[in-house]
Amino acid sequence: MILILLSAVLLLAVGGCVCVVWAARGGPRWTRAVAKGTLLAGELVRAPGRGKGGGSDD
């Protein structure tokens, strides 16, 4: 079951990346919507990790 879930997440991520590239090259309107959603999801995933333990402020 976990393999199916991880495969679905991977498929969605790859599909989102394809839509980002396609939209950048002037794809249809729906690819721009999916690309915007993909980029937003990427920002949301990255946002909690900012400012926590990664950098050195010496």
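Computed over heavy atoms, backbone and side chain alike; hydrogens, waters and symmetry mates excluded. Sequence positions, counted from 1, serve as the residue numbers for this chain.
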Spacing of CG belonging to Leu39 relative to NZ belonging to Lys36, to within rounding of 0.5 Å = 10.0 Å

Going hydrophobic residue to hydrophobic residue with side-chain gaps under 4.5 angstrom, can you get from Trp22 over to Val34?
-> yes

All heavy atoms of Arg32 vs all of Gly27, minimum pair found to be NH2-O, 2.8 Å

At what distance, to the nearest 0.5 angstrom, does CG of Leu11 lie from CD1 of Ile4?
-> 13.0 Å

What's the shortest heavy-atom distance between Ala35 and Cys19, and which atoms?
-> CB-O, 3.8 Å

Decide yes or no for Thr31 and Pro28: does some side-chain heavy atom of the first lie under 4.5 Å from some side-chain heavy atom of the second?
-> yes

